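Written out below as structure tokens is the structure these notes cover.
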Amino acid sequence: MNRPIFLIGYMGSGKSSLGRQLAHEMQRDFIDLDKYIETRFHATVKQIFAERGEEGFRLIERNIIHEVAEFQNVIVACGGGTPCYYDNMDFMLTHGLTVYLNVSPEVLALRLALPGSRNKRPLIADKSDEELLDFVREGLCKRLPYYTRAKIDFNATHLIDKAETIQTARQLVQVIAEHEK
Ligand code: S3P
């Protein structure tokens with residue numbers, strides 16, 4: 001199985017941190033879709049949103065997902081919204097293995113309230129700690145119909161430190177191996 005593995009899930013679900021560790025465990029290359037876009041466009045996601053609007057960002061995201069799907073042996077950490085626009089979810093379902101990182105809104109809101117977390121995410125940049133939980137609950141509710149189409153639904157609650165991240169990544173390796181049997 002050398003097709004890409006697409007990690008999907010809400011902002012703060014651990015796509016990047018778990019993805020990087022998973023790539024290490026599986027000896028694959030790791031691609032963070034937002035970082036890939038930032039390098040390609042010489043601009044941060046925040047700047048792209050400001051200059052081209054969310055619509056402009058979604059179009060870029062859609063094109064880039066097609067590009068990275070050509071690579072072999074990669075783990076792709078998608079953006080939180082990636083599966084929810086255009087036919088991106090159908091595309092990922094047919095071009096790789098999709099894994100949904102399932103985390104409760106309460107845990108997501110706690111992670112997103114950590115310092116530095118809001119700053120790089122235009123959709124929550126102006127939300128107070130108090131507003132975050134409701135925003136996450138509503139956003140997750142709208143996105144679940146997309147996320148739950150993933151082939152694997154994986155609980156990614158326990159990523160508090162490096163040790164937990166390694167342990168969780170190893171569990172995911174097992175789940176993927178079982179799925180591919
Ligand atoms: C977004 C999530 C972000 C980034 C952009 C939009 C979203 O990625 O793609 O700010 O719509 O949920 P992360 O999920 O890595 O924060």
Side-chain angles (χ1 to χ4, degrees), residues 4-23 30-69 74-89 91-92 96 98-127 129 131-150 153-157 159 165 168-169 172:
I5 296 175
F6 296 106
L7 300 183
I8 65 169
Y10 203 75
M11 291 179 271
S13 58
K15 301 179 295 291
S16 301
S17 50
L18 185 61
R20 195 167 287 111
Q21 190 59 40
L22 184 69
F30 176 67
I31 297 175
D32 183 310
L33 205 68
D34 284 337
K35 295 243 160 60
Y36 191 92
I37 291 172
E38 290 183 340
T39 307
R40 174 63 64 85
F41 284 81
H42 306 284
T44 62
V45 168
K46 201 174 165 180
Q47 286 166 334
I48 297 173
F49 264 71
E51 286 159 17
R52 304 175 187 235
E54 182 173 351
E55 222 175 292
F57 174 77
R58 297 302 173 197
L59 190 58
I60 291 172
E61 188 180 43
R62 182 244 173 222
N63 293 338
I64 293 293
I65 204 82
H66 284 242
E67 180 171 319
V68 302
V74 290
I75 307 282
V76 181
C78 294
T82 312
C84 315
Y85 293 86
Y86 297 98
D87 61 347
N88 294 350
M89 193 61 200
F91 180 81
M92 291 191 282
T98 44
V99 179
Y100 168 45
L101 301 186
N102 192 340
V103 179
S104 72
E106 289 74 17
V107 171
L108 291 171
L110 284 175
R111 288 182 190 168
L112 293 171
L114 292 173
S117 183
R118 257 168 289 205
N119 192 32
K120 59 181 179 206
R121 294 182 167 105
L123 296 180
I124 54 167
D126 63 344
K127 301 279 177 266
D129 284 4
E131 290 169 330
L132 262 181
L133 182 55
D134 276 347
F135 181 84
V136 171
R137 275 200 184 119
E138 280 172 30
L140 189 59
C141 203
K142 286 189 200 135
R143 289 179 171 186
L144 272 177
Y146 300 93
Y147 293 156
T148 53
R149 293 182 66 202
D153 184 323
F154 183 75
N155 186 317
T157 307
L159 298 174
T165 306
T168 305
L172 182 50

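As the structure is a prediction and not an experimental result, all values here were calculated from the model. In each ligand, atom 1 is the first atom listed, and ligand 1 is the first ligand listed.
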Atoms of ligand 1 close to [X] [distance to a heavy atom under 4.0 angstrom, numbered from 1]:
X	answer
Asp34	3 (C), 4 (C), 8 (O), 9 (O), 13 (P), 15 (O)
Leu123	7 (C), 11 (O)
Val45	5 (C), 10 (O)
Pro122	10 (O)
Phe57	9 (O)

Distance check, rounded to the nearest 0.5 Å: Phe91 atom CZ versus Thr98 atom OG1?
12.5 Å
Heavy atom under 4.0 Å from ligand 1: found in Lys120's side chain, backbone, both, or neither?
neither
Examine the proximity of ligand 1 to Leu33 and report which part, side chain or backbone, both or neither, has a heavy atom under 4.0 Å away.
neither
In plain terms, say whether Glu55 and Arg58 are close enough for a salt bridge, that is, a side-chain N and a carboxylate O under 4.0 Å apart.
no
Hey, is Lys46 close enough to Asp34 for a salt bridge, meaning N to O under 4.0 Å?
no
What is the ring orientation for Tyr10 with Tyr147, classed by angle as parallel under 30°, tilted 30 to 60°, or perpendicular over 60°?
perpendicular
Is it true that Arg143 lies under 4.0 Å from ligand 1, counting heavy atoms only?
yes
State if Arg58 counts as touching ligand 1 under the rule of any non-hydrogen atom under 4.0 Å.
yes
Residues in salt bridge (charged side-chain N to carboxylate O under 4.0 Å, His left out) with Arg52, at least two apart?
none
Could you please spell out the steps behind the side chain to side chain donor-acceptor pair (under 3.5 Å) verdict for Asn88 and Thr82?
CA-CA 7 Å; Asn88 294 350; Thr82 312; 5.9 Å; no
